[in-house]
Amino acid sequence: MSLPWHIPLESLPSLKEKEAPIEATLLKHYCNLNIHENPCEELQTGLMCEIGMNNREPAVIQRLIASGMTVARLSLRDLEPESCSHLIQSIRQAVYNYSAELEYVYPLALIVDVRGPDITTGDLKGGPKTMVELIQNETIRLTADPSWRECGTTECVYIGYDHLTDLQHGDILFIDSLSSGKIKLIILAVGDDSIECKIAIGGTIGAKMTVRLSKVPRECDSTNKKDHESADSISPDSLQQPFEYTEDQIAWAIAFDIDAVLVPNSQTAQDIRHVRSILSEKGKHILVFACIDSVLGLDNIDQLVTEADGIFIDRCILSTDLPVEKIFIAQKVIVSKCNNAGKPCICKAVINEQIPTLCVTDIANLVLDGADVLSLELHYDSPLTKFAPSYDVVRMAEQCIAAAAVICRQAERILWQPKIYGNLELMQSPLEEPTKAICVSAVELATRSRSVVIICLTNSGRTAKMLSHAKPACSIVAVTRTCHTARQLRFWRGVRAMHYFEAAKSSWILEVESRIHAALDYCKAKRILRAGDAYVVVTSLRRGVGYCDSVRLLYASARDTILVE
């Protein structure tokens, strides 16, 4: 077999040119940064955007993908199953069109929010359009008595929560307000069917306002009145019913081959186990992300990181439970624990199209802290549309995503690589399984040889995830035949998944070389790899061995890869 990377070592520019040494301390690293250097060519951090009724057209979604979106988020909360099905069709049509333009499969991950019915207030006396103002420092009675369901006033409001009287003195409730901010209530006394509350922060409420309990533990089934049933036992007819229960939403996610589910207000590991039990055998490949938006979830972060496949941080909602000045501490704690465990961490970020400079530091710090994916909140109801009829909200959303991508690339360029390669604790820990040993060796080899990419062949994605855990300085290109694995690897920072679908070769050696061939062509097309660059290949020498058992250091040539059978 003729290998085109067998080129004279003296012709390798990487062996002749001296790169800038890695500074011993972070302070010196920042002192020696060059402000005029270009950002990284390849974006390592994922960008997640919500797809809804405002941007449901395939052409619009394709423009968002071209701008840098790698993960699409769907909220099943306010949509009927038919509308969600149309959204999925639009997303996949956009991916198909974009892949046809690129001439390779573009893996776009899909994540959906799953939740039970929210706790809401009842109707107000005077009709559905009536509004009531709650004045700060006054008191109000919240009741579970059904007789108040349609006649709420400033003195008493109905709450659709069966465990209302189980709350205790000093507990806090938040109610969505029609004005800015949230209404904050502090419980003063608990009665037989009602509670007396002090209005700490006032506001205006209407009918059916969402209520959120703060620092109050909840049972897994407290918001799921439907009898527990696995996804295997759910009939197809239930997919046509409105999404009222978690079971319905998970059954829909399994039916449409969703890559991950997001569990809001995750407080304990039992919340994650409950969702996994509903996923059952049919949905065992679906990733489960825990959303940390309460102090109870933050207190149990260690068990949530262990049990869940990843963590999502919603800092806006978390700020209702935690003092605002402590949010950045919680962010660093959660991101660090995820990085230490090798689990992906998704952080919500807002980019303002009117004053984007205010968001630059926040997005850059998320990247520097180690976030794997940024969930961008894009506003399609911009006030500028009232003053400028020609204002294109979709184009502005594209520009916001593109701006976030540039910020991430700049932040990734100035990341300080420790003097000793990769994740120190991982490198020094006992290597109890062969995959971890091979991945650590590959990262060490890539670091010492100044390789520009690590190419790994994987089926389940486990090898690529472990390589990402070791935090190499270069990109990771994972070649897989499994489509959902290619999409799910979008959640791990630094991993570029490539869906390989060519016809299988007659022998395993030819199959491996064919996949490497495809990966090299991909790297050259994306300008990740140039002639003379070193790269590391992590493969298995036998079919069906179950793990990668070979690490090779190779050098790229200017010629195309050649297979000689």
Side-chain angles (χ1 to χ4, degrees), residues 42 44-46 48 70-72 95 104-111 253-254 257-262 276 279 281-289 305-312 338-339 341-346 372-373 422-423 426 433-443 446 453-472 474-502 511-512 515-516 518-519 522-523 536-540 543-551:
E42 285 297 311
Q44 305 292 330
T45 308
M48 182 168 75
T70 60
V71 181
V95 172
Y104 70 86
V105 178
Y106 183 86
L108 179 74
L110 292 177
I111 185 171
I254 295 174
D257 195 23
I258 300 301
D259 303 305
V261 295
L262 179 62
R276 290 196 191 278
L279 286 170
E281 189 68 20
K282 285 185 178 179
K284 65 179 182 179
H285 65 282
I286 297 178
L287 302 177
V288 180
F289 281 76
V305 169
T306 302
E307 188 68 30
D309 295 306
I311 301 294
F312 179 91
C338 288
N339 290 339
K343 301 290 183 73
C345 184
I346 305 175
D372 294 89
V373 179
N423 187 317
L426 178 67
E433 54 178 314
T435 303
K436 181 184 287 188
I438 290 295
C439 291
V440 169
S441 300
V443 172
V453 66
I454 299 176
I455 298 174
C456 71
L457 275 54
T458 180
N459 183 41
S460 65
R462 189 157 153 267
T463 302
K465 295 171 186 177
M466 285 194 175
L467 288 171
S468 176
H469 185 193
K471 304 299 180 189
C474 59
S475 299
I476 302 166
V477 174
V479 185
T480 178
R481 282 188 176 275
T482 311
C483 55
H484 73 260
T485 297
R487 298 194 302 262
Q488 288 176 343
L489 286 175
R490 283 296 199 175
F491 293 105
W492 274 262
R493 180 165 163 178
V495 179
R496 300 190 65 85
M498 178 184 172
H499 185 197
Y500 179 80
F501 54 89
E502 299 294 337
E511 175 71 12
V512 169
R515 295 191 196 185
I516 296 175
Y522 170 83
C523 291
V536 172
V537 177
V538 182
T539 61
S540 174
R543 190 190 299 272
V545 71
Y547 65 93
C548 292
D549 57 6
S550 171
V551 178

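Hydrogens, waters and symmetry mates are skipped; everything else that's a heavy atom, side chains included, is used. A quick note: this is a predicted structure, and the numbers were derived from the prediction, not measured.
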Q. Got L279 and K284 here, is their nearest side-chain heavy-atom distance under 4.5 Å?
A. no
Q) So, do I454 and P472 sit near enough that their side-chain heavy atoms are less than 4.5 Å apart? A) yes
Q: Taking all non-hydrogen atoms of both residues into account, name the closest pair between P107 and A486 and its distance.
A: CB-O, 3.6 Å
Q) By side chain to side chain contact (heavy atoms under 4.5 Å, CB included), which residues pair with Y500, not counting sequence neighbours? A) V479, R481, E502, E511, S514, R515, A518
Q) Are any side-chain N or O atoms of R276 and backbone N or O atoms of V288, one a donor and one an acceptor, separated by less than 3.5 Å? A) no
Q | Distance-minimising heavy-atom pair for C338 and V305 | A | SG-CG2, 4.4 Å
Q | Shortest non-hydrogen contact between T45 and R493, atoms and distance | A | OG1-NE, 3.8 Å
**Q.** Distance-minimising heavy-atom pair for V453 and C523
**A.** CG2-SG, 4.2 Å
Q) Can you check whether D372 reaches N339 side chain to side chain, under 4.5 Å on heavy atoms? A) yes
Q: For residues D309 and W492, report the shortest heavy-atom separation together with the two atoms involved.
A: O-CZ2, 4.5 Å
(Q) On a heavy-atom basis, which atom in I286 and which in A260 lie closest, and how many Å separate them? (A) CG2-CA, 3.7 Å
(Q) Nearest 0.5 Å, please: how far is SG in C439 from CZ in R462? (A) 8.5 Å
(Q) Under the side chain to side chain contact (heavy atoms under 4.5 Å, CB included) test against F289, which residue among V261, I311, I346 passes? (A) I346
Q: Just jot down the side-chain hydrogen bond (donor to acceptor under 3.5 Å, both in side chains) partners of T306, sequence neighbours excluded, or say none.
A: none
Q) Could you state the interatomic distance from NE2 (H484) to CG (L110), rounded to the nearest 0.5 Å? A) 13.5 Å
(Q) Nearest 0.5 angstrom please: S468 OG to K343 NZ, how far? (A) 13.0 Å
Q: Kindly determine whether V440 and H469 satisfy side-chain contact (heavy atoms from CB on, under 4.5 Å), including the steps that lead there.
A: CA-CA 9 Å; V440 169; H469 185 193; over 6 Å; no
**Q.** Qualifying residue, where the test is side chain to side chain contact (heavy atoms under 4.5 Å, CB included) with T458 and the options are L467, T435, T480
**A.** T480
Q.
To the nearest 0.5 Å, what is the distance between CG on N459 and CG on L457?
A. 10.5 Å
Q.
How long is the straight-line distance from CD1 of I111 back to CZ of R487, given to the nearest 0.5 Å?
A. 13.0 Å
Q.
Whether the side chain of R490 engages the backbone of G46 through a donor-acceptor N/O pair (distance < 3.5 Å, no angle test) should be reported.
A. no
Q.
Return the OG1 to CG distance between T70 and L108, rounded to the nearest 0.5 Å.
A. 7.5 Å
